[in-house]
Amino acid sequence: MRHLSSFPHILLRLAALVFALALSGMPAVAQETVEPAGPTIEIGNAVTADAEIRIRIQKIFREIDGLGQVGISVSSGVVTLNGQVEEAVLAQKAEDLVSRVAGVVAIENELTEQTAVTERLKPVIGRFETRMQQTLDYLPLVLVAGLVWVLIGLFGWFVTTRKQPWDWLTPNAFIADLLRQTVWLAFVMFGALMALDILGATAVLGTILGAVGIIGLAIGFAVKDTVENYIASILLSVRQPFQPRDFIALEGMQGFVIRLTSRATILMDIDGNHIRIPNATVFKANIVNYSRNPERRFSFELGVDADSQLHDALGICRQTLDSLDFVLKNPEPGVWIEKVGDSNVVIGVSGWINQTETDYVKARSEAIRTVKTALETAGFALPEPIYRLRFDTAGAAPVMTELEHLSGSKPPATAKPDQAAADSMTPPATPVTNTGVDEAVLKKVDEERQQEPGTDLLSTGAEDELGARPNP
């Protein structure tokens with residue numbers, strides 16, 4: 001019976017033990033659920049007192065420049081900051097640090113920014129002194145990096161200023177010079193990369209290249225015409241569409257080629273005037289090169305009376321051209337009837353000359369003079385245009401008006417040229433006018449070329465775009 005009476009006491013003790021164990025586990029669960037998500041600065045004790053919070057914040061502020069003089073007061077977990085700081089960023093930094101201290105319920109930030117000039121300049125002067133010290137520490141390394149850059153650049157300059165292998169790679173002087181500049185620029189960029197690698201600032205190179213690319217794009221849009229002319233000069237120097245001293249027609253202008261520069265093509269007209277044409281215009285224009293083929297054809301027209309023996313007139317024109325020394329026998333001269341006008345018949349005459357020995361303008365002028373003289377000597381009239389006014393009246397004979405008389409509508413009858421006389425007539429053998437090449441303008445062209453011999457992109461005797469070489 002004794003054992004049965006003690007059984008309830010045992011149950012009570014077991015229930016008390018279970019209850020005690022349950023109570024001991026509850027605080028641990030509550031602490032786990034309210035643990036802050038972000039990192040906190042622990043103060044060492046689970047229960048925080050205001051004094052401990054203030055002491056902890058003071059210790060933290062003493063380790064940070066600019067926060068050592070900040071006033072701190074704590075009441076029921078509410079921290080009040082007062083005083084002055086040198087910069088507004090320090091006030092925000094102080095508030096961020098206090099918010100991370102355990103036990104802080106709220107923060108009253110009453111910090112103000114320092115307005116005294118001397119106090120405001122202190123952090124600036126401090127940063128300046130720090131950077132000056134860093135610069136002095138880096139100065140030897142900077143000198144080494146600069147020396148490496150200079151040495152690599154000088155080596156690139158030495159390589160690119162040699163004549164070989166650049167002249168061997170391309171016979172065009174302008175393209176060779178452009179290749180030299182490109183290679184030298186590559187050496188300079190490689191030297192800059194090595195210098196930045198020594199300084200440990202290779203990441204800066206990407207920023208620099210990006211900035212240079214943007215600046216280059218902006219400059220490219222600003223000087224679009226200049227860039228276009230420069231690219232056209234490269235293409236023209238490769239194509240070689242003309243040679244120095246060539247007589248060309250371009251964009252309605254004619255002249256002798258002086259030189260091709262990196263921006264413009266310079267001509268000299270027959271009056272000795274300079275003509276400067278942008279290379280972009282030259283590259284896109286239709287170019288007529290009169291000097292590439294030494295043989296050139298001239299032509300003109302003369303009108304004879306409608307009643308003339310046209311066969312005899314054509315024969316006289318042909319014989320006269322054959323007698324001129326400057327007219328080539330092959331290709332042969334040409335004579336034809338161009339058209340029948342209102343009061344005359346127009347005869348077309350043409351001949352070929354060698355431009356290297358004969359001036360085109362002089363030859364054409366002399367041919368016109370000699371053929372006209374031969375026709376007039378043979379009795380062929382070269383009438384002017386005739387206009388007639390006729391008034392018909394009933395039963396009256398037509399009356400010649402004063403206008404008909406003045407205009408020569410009824411000129412005196414002229415004897416038609418006799419066939420035998422025409423056959424026996426000898427055309428003038430030697431022209432009086434000198435038809436040699438006019439060297440005055442060409443001498444001026446040569447003088448202009450000698451003044452700036454290194455600026456011409458044309459290669460004398462080089463192959464043109466069709467693979468042919470100009471005649472000497």
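Here, residue 1 is the first one in the sequence, and each next residue gets the next number.
Residue Q69 qualifies as open at atom CD: its count of foreign heavy atoms under 6.0 Å is 12 or below. More than 12 heavy atoms of other residues, nucleotides or ligands sit less than 6.0 Å from atom CH2 of W352.
Side-chain atoms of W336 and S350, non-hydrogen and from C-beta on, do get closer than 4.5 Å to each other. Side-chain atoms of I152 and M194, non-hydrogen and from C-beta on, do get closer than 4.5 Å to each other. I60 is not listed as a side-chain neighbour of R62, based on a closest heavy-atom distance of 4.5 Å or more.
Defined by atom type and a distance below 3.5 Å, a donor-acceptor pair is missing between the side-chain atoms of Q450 and D446. A side-chain donor from one of N279 and T265 sits under 3.5 Å from a side-chain acceptor of the other.
Under 4.0 Å is where a charged nitrogen must lie from a carboxylate oxygen, and between E228 and K284 at least one such pair does. Contact check on E447 versus K444 returns no salt bridge, with no Lys/Arg side-chain nitrogen under 4.0 Å from an Asp/Glu carboxylate oxygen. At a threshold of 4.0 Å, the pair E301-K339 does not count as salt-bridged, since none of the basic side-chain nitrogens sits closer than that to a carboxylate oxygen. In summary, D50 and R54 do not engage in a salt bridge, as defined by a charged side-chain N under 4.0 Å from a carboxylate O.
Here the side chain of D271 pairs no donor or acceptor atom with the backbone of N273 at under 3.5 angstrom. Checking side-chain atoms of S75 against main-chain N and O of V78 turns up no donor-acceptor pair under 3.5 Å. Of the possible donor and acceptor atoms, one in the side chain of Q240 sits under 3.5 Å from a partner among the backbone N and O of S237. Checked by atom type and distance alone, the side chain of N330 never pairs as donor or acceptor with a backbone atom of E332 at under 3.5 Å. Within the 3.5 Å criterion, the main-chain N or O of Q355 finds no donor-acceptor partner in the side chain of T358. The main-chain N or O of S262 is found under 3.5 Å from a side-chain atom of S233 such that the two form a donor-acceptor pair. Of the possible donor and acceptor atoms, one in the side chain of R364 sits under 3.5 Å from a partner among the backbone N and O of S299.
One distance of note links CZ of F256 with CZ of R449; it measures 14.0 Å at 0.5 Å rounding. L250 CG to I275 CD1: the interatomic distance, rounded to the nearest 0.5 Å, is 9.0 Å. The distance from the CZ atom of R56 to the CD1 atom of I72 is 12.0 Å, given to the nearest 0.5 Å. From D322, atom CG reaches atom CG of D325 across 11.5 Å, with rounding to the nearest 0.5 Å. In this structure, the separation between CG on D359 and CD on E366 is 12.0 Å, given to the nearest 0.5 Å. L81 contributes atom CG, which lies 9.5 Å from atom CD of E108 (distance to the nearest 0.5 angstrom).
Contact detail for I198 and V148: the closest heavy-atom pair is CD1-CG2, 3.8 Å. Considering every non-hydrogen atom in both P331 and E295, the closest pair reads CD-OE1, 4.0 Å. C317 and V371 make their closest contact through SG-CG1, 3.6 Å (heavy atoms, listed as atom of the first residue, atom of the second, distance). The two atoms that bring S76 and V105 nearest to each other are O-CG2, 3.9 Å, heavy atoms only. Contact record, L328 with P333: O-CD, 4.0 Å, taken as the closest heavy-atom pair. Nearest heavy atom pair, residue N229 against residue R263, reads CB-O, 3.6 Å.
In this structure, F298 and F326 have tilted ring planes: the angle between them lies in the 30° to 60° band. By the 30° and 60° cut-offs, the orientation of the rings of F187 relative to F155 is perpendicular.
In this structure, R296 is positioned above the aromatic face of Y290, its NZ or CZ under 6.0 Å from the six-membered ring centre and within 45° of the axis.
Across V257, I270, N289, a single residue satisfies side chain to side chain contact (heavy atoms under 4.5 Å, CB included) together with F247, and that is I270.
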